[in-house]
Structure formats: C-alpha cells, structure tokens
Amino acid sequence: MTISYDGRNKTARSIMELLRTMDIFHITEAPAKPRRKSGIELAYEDVAAGRVYRAKDGADLIRQCLAD
C-alpha cells in the first residue's frame, strides 16, 4: 500500500507524524528523484574534465571538427 501526500500541507504532515509515533505502521520514505543538472553545471564539469576546445575563427573550428 502506498500513501501519497503533499508535504507542504500542514494537516497531512501532522497525520504522518501521528502515524510515525504510534509505531503501528512501518513508514519508509521513497528515495528522492535525482535532480537534473543545469546547463551551467554541465559546462563547469566539462571545463574541469578538460573537454574544452578553442578555435581562431569559424573556419578553424570546422577544420578541427573534420580532422577528428
């Protein structure tokens, strides 16, 4: 059985705390979903891992891309 409730609702939180204190039910928390990283966080990871490339201009960039 699964009970879903809004954690921002004061009444729902109170009922869940009451159930926890009664020791009649075994309550386990669902693991939180992993948060998706933002674009800037991914960019910082790329810089830290050295996945950064430089080019003089557009032609140099295309030449580097086609060379690999």
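Counting from 1, the numbers follow the sequence of the chain as shown. What you see below is based on every heavy atom in this structure, not just the backbone, and it leaves out hydrogens, waters and symmetry mates.
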Student: Is it the case that over 12 heavy atoms from other parts of the model lie below 6.0 angstrom from the CZ atom of R51?
Tutor: yes
Student: According to a 4.5 Å side-chain heavy-atom criterion applied to Ile, Leu, Val, Met, Phe, Trp and Tyr, with indirect links allowed, do I40 and L42 form part of one hydrophobic cluster?
Tutor: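 Hydrophobic grouping puts I40 apart from L42.
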Student: Closest heavy-atom contact between D57 and D60?
Tutor: OD1-N, 2.8 Å
Student: Measure the CG-OG1 distance between D23 and T21 for me, rounded to the nearest 0.5 Å.
Tutor: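 Those atoms lie 7.5 Å apart.
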Student: Check whether E41 reaches the backbone of S38 with its side chain - one donor and one acceptor, N or O, closer than 3.5 Å.
Tutor: yes
Student: In this structure, are over 12 heavy atoms from other groups packed under 6.0 Å from Y5 atom OH?
Tutor: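 Buried by this count: over 12 neighbours within 6.0 Å.
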Student: Can you give me the closest heavy-atom contact between V52 and D46, atom names plus distance?
Tutor: CG2-O, 4.0 Å
Student: If you group Ile, Leu, Val, Met, Phe, Trp and Tyr by side-chain heavy-atom gaps below 4.5 Å, do L18 and I24 land in one group?
Tutor: yes
Student: Using only atom types and a distance under 3.5 Å, with no angle test, would you say the side chain of Q64 pairs donor to acceptor with the backbone of Y53?
Tutor: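 No, Q64 side chain to Y53 backbone: no donor-acceptor pair under 3.5 Å.
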